[in-house]
Visitor: 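Just passing along the structure, written as structure tokens.
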Amino acid sequence: MNYWLIKSEPNTYSWDDLVKLGKDHWDGVRNYQARNNMKAMKPGDLALFYHSVKEKSVVGIAECASEFYQDPTTDDDRWVVVDFVPKEKLKKPVTLDDIKAVPELSEMVLVKNSRLSVQPVKKEEFDKIIAMSEA
DNA sequence: GCCAACGTTGGC
DNA sequence: GCCAACGTTGGC
């Protein structure tokens with residue numbers, strides 16, 4: 001079981017959109033690092049769903065629901081997607097400021113390389129953020 | 001809305 | 001194969 005963080009601008013695609021659809025593929029990734037991370041995902045892996053730009057918060061937990069496959073939005077076979085289903089909405093969003101305020105989370109990719117749209121997250125980091133959302 | 005940081009592209 | 005130029009992203 002691995003943990004991830006997937007990022008989206010809520011104006012473009014939000015947590016609510018995923019909830020509405022019930023299940024959706026995560027498309028539009030055009031970055032090799034992010035692509036490689038998606039290729040490493042397995043069904044059952046959990047991903048923090050992060051809203052960038054305006055909200056800058058983790059808002060929910062999505063569950064990976066497929067292996068990676070060819071991105072249906074492009075013919076370019078370099079790019080892949082995985083399916084996600086919404087698993088749980090956080091009781092309270094955990095903001096970027098909250099995360100930055102916690103020393104244990106200062107090594108997160110989100111903090112160090114905020115531009116990467118699909119990131120690995122350590123189990124401890126994942127658990128910590130969930131705990132913060134319940135506090 | 002601005003600007004810094006990063007990744008990618010393309011010329012050499 | 002290197003590096004400058006460019007485009008995009010996302011925090012502020």
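In what follows, every chain begins at residue 1, and chains take the letters A, B, ... in the order their sequences are listed.
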Visitor: Under a plain distance cut-off of 3.5 Å, with no hydrogens placed, do A:N37 and A:W4 share a side-chain donor-acceptor pair?
Guide: no
Visitor: For DNA chain B, note the earliest and the latest nucleotide, 5' to 3', having some atom under 4.0 Å of a heavy atom belonging to chain A.
Guide: B:dA5 to B:dT8
Visitor: Quick check: on DNA chain B, is the nucleotide nearest A:V53 upstream (toward 5') of the one nearest A:R78, or the reverse? Name the residue that is more 5'.
Guide: A:V53
Visitor: Indicate, with a heavy-atom threshold strictly under 4.0 Å, whether A:L116 touches base, sugar-phosphate, or nothing.
Guide: nothing
Visitor: Base, sugar-phosphate, or nothing for A:K112, non-hydrogen atoms under 4.0 angstrom?
Guide: nothing
Visitor: Would you mind classifying the nucleic acid contact of A:E9 as base, sugar-phosphate or nothing, using non-hydrogen atoms under 4.0 angstrom?
Guide: nothing
Visitor: The test is salt bridge (charged side-chain N to carboxylate O under 4.0 Å, His left out); show your working for A:D16 and A:K20 and say whether it passes.
Guide: CA-CA 6 Å; A:D16 289 336; A:K20 228 175 287 171; over 6 Å; no
Visitor: With salt bridge (charged side-chain N to carboxylate O under 4.0 Å, His left out) as the criterion, how do A:K92 and A:E134 come out once you've worked through the C-alpha distance, each side chain's angles and the decisive distance to 0.1 Å?
Guide: CA-CA 7 Å; A:K92 170 167 92 70; A:E134 288 169 347; over 6 Å; no
Visitor: One pair to check against ring-ring contact (aromatic ring centres under 6.0 Å, His included): A:W15 and A:Y50. What are the steps and the verdict?
Guide: CA-CA 8 Å; A:W15 169 257; A:Y50 177 82; over 10 Å; no
Visitor: Is any NZ, NE, NH1 or NH2 atom of the basic residue among A:D76 and A:R30 found under 4.0 Å from an Asp or Glu carboxylate oxygen of the other?
Guide: no
Visitor: If hydrophobic residues (ILVMFWY) are linked whenever their side-chain heavy atoms come closer than 4.5 Å, directly or via other members, who joins A:Y69 in its cluster?
Guide: A:V81
